[in-house]
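Here the structure comes first, spelled out in structure tokens, and everything after it is commentary.
Remember, predicted model here, so these are calculated numbers, not experimental data. Starting from 1, each residue takes its place in the sequence as its number.
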Amino acid sequence: MFKIQTLNKISPVGLNDFPREDYEVASSINDADAILVRSQDMHTMALSPSLKAVGRAGAGTNNIPIDKMTERGIAVFNTPGANANAVKELVILSLLISSRPVFAANAWVRNLAGNGDKIPEMAEKGKSQFQGPEIKGKTLGIIGLGAIGAMVANAAIALGMEVIGYDPFMSIDAAWKLDRSVKHAETLDMLLSKSDYITIHVPQTDDTKGFINATTIRAMKNGVHIINIARGGLVVNSDILAALDAGKVSVFVSDFADEELINHENVICLPHLGASTPEAEDNCARMAVKELRDYLEKGNVSNSVNFPRCHMDSPLPKEGTRLCIVNKNVPGKVAKFSTILGDANLNIAGMVNQNRGDLAYNIIDVDGVVSEETLRSLAQIKEVINVRPIFGA
């Protein structure tokens, strides 16, 4: 029986994918095997010795202490692409509301209340103050062409925009998904200098924090519209405000409300609505649950932010043991695993070893049941972080 602790309200569509006979799922579980979380901050949270994995029902993992988890040999999963369509739709909406002042127009019309039959005529006379440009034919610059960026690019092409994309780390899979009309900027400055609208879709890291700042803004066209639905820390708010006051930036749309921003007339602040659709919440929950189940039940790793991708294609060994071993990525460890298992007269039926930076992860199928003594011997090898057995039926 696996114990799953939920730290936020997780979609029941996803939670229902945990078989009731094999899983206990609740928010009050203490000694959990895994945690399902959305946005709750885990940085000061005490971690149970039983914890093996964390599933983030969403893409960003800033609320999870990744380094601490890695030191403990705890796999952290996220759900890239599961909420991509929801975010894409909000970006497209942001393009439109940054161009057409519909919020101000709606507020003005509301103030006409009480004028009765005169309202239609008053509205016609006053509408000219709310003109705004069409997005068709304008150039959209997309920084980051992952799951969301690629979907935004294709949607913008369909709306008649010219699209320039910049992503030096774009995967082959992402490239295949892009409309052939999307132009690729060889440098960031090229994208910045040619774009009427700019939207950013990169993760927030030490390297990308403050990515949109006074320097990058200076390279942009005058009157540019900037959209940030990715992460608040990607933009230096004070630099955006200065650019807005100077007329360099026309409109800034942010999905991250901030005291500095909310009262500026040319800022549209939203309360982190990017993935706030029932469909996205369902998709993220189901994907996170699938990843956790595959790891807990079979040892496989997909979409982890700290573990290498690692899959054992063969089924669990019948009447045998699957060993999942996390260790520091140093030479000679696999040989030591083999020696200990050989000394215990255990045959290795299959093995996969992958590494990611300083961390290595191993899946080893053994013909026979591995004893507690052998498990202790494996765990005591220098620089082994943890050893987890999964016993076959």
Side-chain angles (χ1 to χ4, degrees), residues 1-4 17-19 21-24 31-35 49-55 69-78 287-393:
M1 174 70 73
F2 292 111
K3 296 182 178 180
I4 309 295
D17 288 343
F18 284 123
E21 63 273 17
D22 298 321
Y23 286 84
E24 178 185 355
D31 296 325
D33 294 289
I35 289 174
S50 63
L51 188 64
K52 303 170 182 66
V54 175
M69 298 292 180
T70 305
E71 290 173 2
R72 293 273 301 271
I74 299 169
V76 179
F77 299 92
N78 67 346
M287 188 171 178
V289 168
K290 182 179 178 180
E291 291 163 355
L292 288 179
R293 287 193 60 189
D294 203 24
Y295 182 68
L296 294 174
E297 297 173 22
K298 301 177 183 178
N300 293 327
V301 177
S302 296
N303 295 321
S304 173
V305 299
N306 63 338
F307 274 38
R309 179 177 177 83
C310 192
H311 272 249
M312 180 68 80
D313 293 329
S314 58
L316 286 173
K318 291 184 178 180
E319 300 180 357
T321 309
R322 175 166 291 177
L323 296 171
C324 304
I325 304 176
V326 184
N327 61 278
K328 294 183 179 178
N329 186 24
V330 294
K333 297 305 168 191
V334 173
K336 291 185 178 180
F337 302 155
S338 299
T339 298
I340 289 175
L341 294 172
D343 289 344
N345 293 317
L346 292 168
N347 179 57
I348 295 177
M351 177 185 294
V352 181
N353 168 270
Q354 298 290 340
N355 64 78
R356 180 174 183 170
D358 296 331
L359 193 76
Y361 180 68
N362 312 266
I363 304 176
I364 305 173
D365 280 354
V366 177
D367 292 332
V369 177
V370 179
S371 67
E372 289 293 330
E373 180 182 356
T374 301
L375 291 173
R376 282 194 297 271
S377 297
L378 291 168
Q380 289 168 1
I381 296 174
K382 185 180 180 182
E383 292 165 330
V384 166
I385 299 173
N386 61 46
V387 178
R388 179 168 69 97
I390 303 174
F391 296 106

Name the orientation class of the two ring planes belonging to Phe18 and Tyr23 (parallel below 30°, tilted from 30 to 60°, perpendicular beyond 60°).
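Judged by the thresholds at 30° and 60°, the geometry between Phe18 and Tyr23 is tilted.
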Under a 3.5 Å distance rule, please check whether [X] uses its side chain to pair with a backbone N or O of [Y] as donor and acceptor.
{"X": "Asn362", "Y": "Met351", "answer": "no"}
{"X": "Thr321", "Y": "Pro389", "answer": "no"}
{"X": "Asn386", "Y": "Ile74", "answer": "no"}
{"X": "Arg293", "Y": "Ala288", "answer": "no"}

Taking every heavy atom of Val54 against every heavy atom of Met69, the minimum-distance pair comes out as CG2-CE, 3.9 Å
- Atom of Pro315, atom of Asp365 and distance for their closest heavy-atom approach: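 Taking every non-hydrogen atom into account, O-OD2, 4.0 Å.
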Could you verify whether a donor N or O on one side chain and an acceptor N or O on the other, from [X] and [Y], lie under 3.5 Å apart?
{"X": "Asn327", "Y": "Glu383", "answer": "no"}
{"X": "Asp31", "Y": "Ser50", "answer": "no"}
{"X": "Asp358", "Y": "Asn329", "answer": "no"}
{"X": "Asp294", "Y": "Asn300", "answer": "yes"}

Is the Lys NZ or Arg CZ of Arg388 less than 6.0 Å from the centre of Tyr295's six-membered ring, within 45° of the axis?
->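 The answer is yes; both the distance and angle limits are met.
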